[in-house]
Amino acid sequence: MPRNCEFLVVGGGIAGVSCAESLAICRPTASVLLLTESSIVKSVTNLVPVARYLHKFDVREQDVSKMGATIETLVDQLEHINSREHWIRTRTGVVVNYLYLCLCTGGAPKLFSSGGAKESRIIGIRDTDSVLELQRKLAAAKDVLILGNGGIASELAYELKDVNVHWVVKDAHISATFVDPGAAEFFQLARSEVNTKDSSPETAIKRMRYGEVLSKEQNNKHGAALGPDWHRTFDLSGAAGKSDKRLPKIYYKSHIDSYKELSDGSGLAIQLGHEDGSLEKLTCDFIVSATGVLPRHEYTSDCPLKFSEDGGISVDEMMRTNVEDVYAAGDVCTASWAPATHWFQMRLWTQARQMGSMAGRSMAAASEDEIVYQDFCFELFGHVTKLFGYPVVLLGRFNGQDLGRDYEILVRCTRNKEYIKFVLQNGRLRGAILIGDTDLAETCENLILNGIDLQPYGDDILNPDIDIEDYFD
Ligand SMILES: Cc1cc2nc3c(=O)[nH]c(=O)nc-3n(C[C@H](O)[C@H](O)[C@H](O)COP(=O)(O)OP(=O)(O)OC[C@H]3O[C@@H](n4cnc5c(N)ncnc54)[C@H](O)[C@@H]3O)c2cc1C
Ligand SMILES: NC(=O)C1=CN([C@@H]2O[C@H](COP(=O)(O)OP(=O)(O)OC[C@H]3O[C@@H](n4cnc5c(N)ncnc54)[C@H](OP(=O)(O)O)[C@@H]3O)[C@@H](O)[C@H]2O)C=CC1
């Protein structure tokens, strides 16, 4: 017996739940069905504005049965879409007729592999199951290799306890997907100094002409991606013996050249290749491959979905795919519209939430023949997070992304306290990195969006004795 609904949303992560919630608000009398393969769903809670368009929030896990009364739920896996006849089939054979469908099926870790050793020694982190596997492997491990230089590697490298961490990054500094070399150094100093010495902060301002080196390197039941501070809720201790301060060993500008299983089966023999052509050998129990996300879309469709180069489902600014009445949002999709000057896609909660809500509004409008416009949040890239214990706000083209060689950076740094970087092009603020409690998020947001010429203010723009919030009131 088929089920019927007006709106079918697939995926119980932030994108799917935000989409279903916004449909329930926009079309309170319509039937909304949330289909998800895991009975735990994620939703956004404690939404706090950090600036006008920038929010921080917590991610809450709840049982799918506790979703609001206006949203029906089905725990199963999408297997096939028949878009011509507007129905889908699940893995257990349930058929659901829909009018509008939104695919929010997220992503899976894009694992490093060069086809050598036992795959079981290379793991990725995405959901609770994957952290439990990490925990199990750690319990018997003395040496762990972390590969990658993005969000997960940055969180894990300093959070693993009682184990030797070998962190292999292809860049010349850590955390390269989020910060520049200066901020990376700020973090590393803070990690080694904070709590060990009472350092009185020294403030320095530097203006540099920035010649950007355009980076050339630049039948499981998965649950949704993990929530904030996920690493604090698990005991991530290894078996190398207790030690208060075991810092990771970082291998810069390096890659895994080859690896093989040790002859006694106790781990992996790794050969690293360095940028200067030299090779280095090490052994480890296993590798955490923190090397990005692959969009997940294991289902079939009568009309082929159009994919982007990165494997995501292509969507336009209304979150529509190429298939009629089928939308997509979150990590599974790739923004294929011409982006606004200050926005670009990164696979993050913020964007999963924004895209999910946008898809919901867009589907609701389509069902009533109304017109909606793209939400203002897609005008400006904004990300609020925590790295190495510090609050971090990233705005606009915070690392000079796509600005070529034609920009300047202005930096103010107070050791162990704050790191502020402005990216300026033709005297206008194009992006900012704000680390610490800077209270500058809203001012930067305005300066970027208004495009005010800051040249008359020179370096005073970051003078700690001048309150720039007042300046631009
Ligand atoms: C360890 C970790 C830490 C992170 N930390 C941060 C952070 O600090 N800040 C930040 O902004 N972002 C962070 N992210 C990224 C963020 O979690 C993701 O961008 C976001 O959760 C994506 O949401 P989503 O709803 O698109 O996908 P997901 O959360 O992956 O949800 C996809 C859902 O679809 C379901 N599904 C998949 N296929 C099917 C199918 N065929 N049928 C039915 N259901 C299906 C899955 O079970 C899941 O419920 C982190 C990610 C990870 C892995
Ligand atoms: N605080 C936060 O906001 C956090 C966000 N996340 C998000 O979760 C998702 C998954 O995180 P993560 O896996 O860290 O992904 P990221 O995309 O953040 O980082 C992947 C990193 O791996 C590098 N890389 C890719 N392939 C290889 C390879 N074969 N060998 C060596 N390095 C490689 C990438 O380099 P390059 O870019 O040069 O290709 C990049 O440095 C991301 O969307 C991330 O943004 C995760 C944790 C925390």
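When a ligand or atom number is given, it counts from 1 through the structure's own listing order.
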Ligand 1 N/O within reach of [X] N/O, cut-off under 3.5 Å:
{"X": "D331", "answer": "yes"}
{"X": "S38", "answer": "no"}
{"X": "I125", "answer": "no"}
{"X": "A329", "answer": "no"}
{"X": "V10", "answer": "no"}
{"X": "E37", "answer": "yes"}
{"X": "G11", "answer": "no"}
{"X": "E298", "answer": "no"}

Assess [X] for proximity to ligand 2: is some non-hydrogen atom of it under 4.0 Å away?
{"X": "M346", "value": "no"}
{"X": "H383", "value": "yes"}
{"X": "F178", "value": "yes"}

Using the ring centroid of each side chain, check whether [X] and [Y] are separated by less than 6.0 Å.
{"X": "H383", "Y": "F398", "answer": "no"}
{"X": "F376", "Y": "Y53", "answer": "yes"}
{"X": "F186", "Y": "Y390", "answer": "yes"}
{"X": "W343", "Y": "F378", "answer": "yes"}
{"X": "F307", "Y": "H297", "answer": "yes"}

Of all the atoms in ligand 1, which lie at a distance below 4.0 Å from a heavy atom belonging to [X]?
{"X": "C104", "value": "32 (C), 33 (C), 34 (O)"}
{"X": "G107", "value": "30 (O)"}
{"X": "L78", "value": "40 (C), 41 (N), 42 (N), 43 (C)"}
{"X": "Q77", "value": "40 (C), 41 (N), 42 (N), 43 (C)"}
{"X": "A352", "value": "22 (C), 23 (O)"}
{"X": "G13", "value": "25 (O), 29 (O), 31 (O), 33 (C), 49 (O)"}
{"X": "D76", "value": "43 (C)"}
{"X": "G330", "value": "26 (O)"}

Check: [X] side chain, [Y] main-chain N or O, donor-acceptor pair, under 3.5 Å:
{"X": "E185", "Y": "A183", "result": "no"}
{"X": "E379", "Y": "T341", "result": "no"}
{"X": "N399", "Y": "Q401", "result": "no"}

Check each of [options] against [atom] and report the one with the nearest heavy atom.
{"atom": "atom 27 (C) of ligand 2", "options": "T291, I174, L147", "result": "T291"}
{"atom": "atom 28 (P) of ligand 1", "options": "R126, H297, K42", "result": "R126"}
{"atom": "atom 15 (C) of ligand 1", "options": "R91, K386, R347, M355", "result": "R347"}
{"atom": "atom 42 (C) of ligand 2", "options": "K110, R347, H255", "result": "R347"}

Within the 4.0 Å heavy-atom shell around [X], which atoms of ligand 2 are there?
{"X": "T177", "answer": "18 (O), 19 (O), 40 (C), 41 (O)"}
{"X": "A290", "answer": "13 (O), 14 (O), 20 (C), 21 (C), 22 (O)"}
{"X": "V293", "answer": "9 (C), 10 (C), 42 (C), 43 (O)"}
{"X": "L348", "answer": "3 (O), 5 (C), 45 (O)"}
{"X": "N149", "answer": "21 (C), 22 (O), 40 (C), 41 (O)"}

Using a 4.0 Å heavy-atom cut-off, say whether [X] meets ligand 1 through its side chain, its backbone, both or neither.
{"X": "P109", "result": "neither"}
{"X": "A15", "result": "both"}
{"X": "Q351", "result": "neither"}
{"X": "H383", "result": "side chain"}

May I ask you to test the [X]-[Y] pair for a side-chain heavy-atom distance under 4.5 Å?
{"X": "R3", "Y": "L74", "answer": "yes"}
{"X": "V392", "Y": "K386", "answer": "no"}
{"X": "K42", "Y": "V17", "answer": "no"}

Decide whether [X] and [Y] meet the rule of one side-chain donor and one side-chain acceptor closer than 3.5 Å.
{"X": "Y251", "Y": "H166", "result": "yes"}
{"X": "D58", "Y": "T45", "result": "no"}
{"X": "S308", "Y": "S314", "result": "yes"}

Taking 4.0 Å as the limit for heavy-atom contacts, which would you say applies to E155 with ligand 2: side chain only, backbone only, both, or neither?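 E155 to ligand 2: side-chain contact only, backbone stays beyond 4.0 Å.
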
Using heavy atoms and a threshold below 4.0 Å, how should the contact between I152 and ligand 2 be classified: side chain, backbone, both, or neither?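 Answer for I152: both.
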
Looking at every non-hydrogen atom in both residues, tell me the closest pair between [X] and [Y] and how far apart they are.
{"X": "G16", "Y": "V9", "value": "O-CG1, 3.4 Å"}
{"X": "V179", "Y": "I433", "value": "CA-CD1, 4.1 Å"}
{"X": "R126", "Y": "A108", "value": "CD-CA, 4.4 Å"}

Return a yes/no value for R126: is any of its N or O atoms, backbone included, closer than 3.5 angstrom to an N or O of ligand 2?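 Not met; the criterion fails.
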
Please name the residue in the list V94, V64, I88, V96 that meets the side chain to side chain contact (heavy atoms under 4.5 Å, CB included) test with L35.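 It is I88, the one option of V94, V64, I88, V96 that forms the side chain to side chain contact (heavy atoms under 4.5 Å, CB included) with L35.
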
Answer yes or no: does atom CD of E280 have more than 12 heavy-atom neighbours from other residues, nucleotides or ligands under 6.0 Å?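 Yes, because the 6.0 Å sphere around CD of E280 holds more than 12 heavy atoms from other groups.
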
Answer yes when E61 and K66 have at least one side-chain N-carboxylate O distance shorter than 4.0 Å, and no when they do not.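 K66 and E61: not salt-bridged.
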
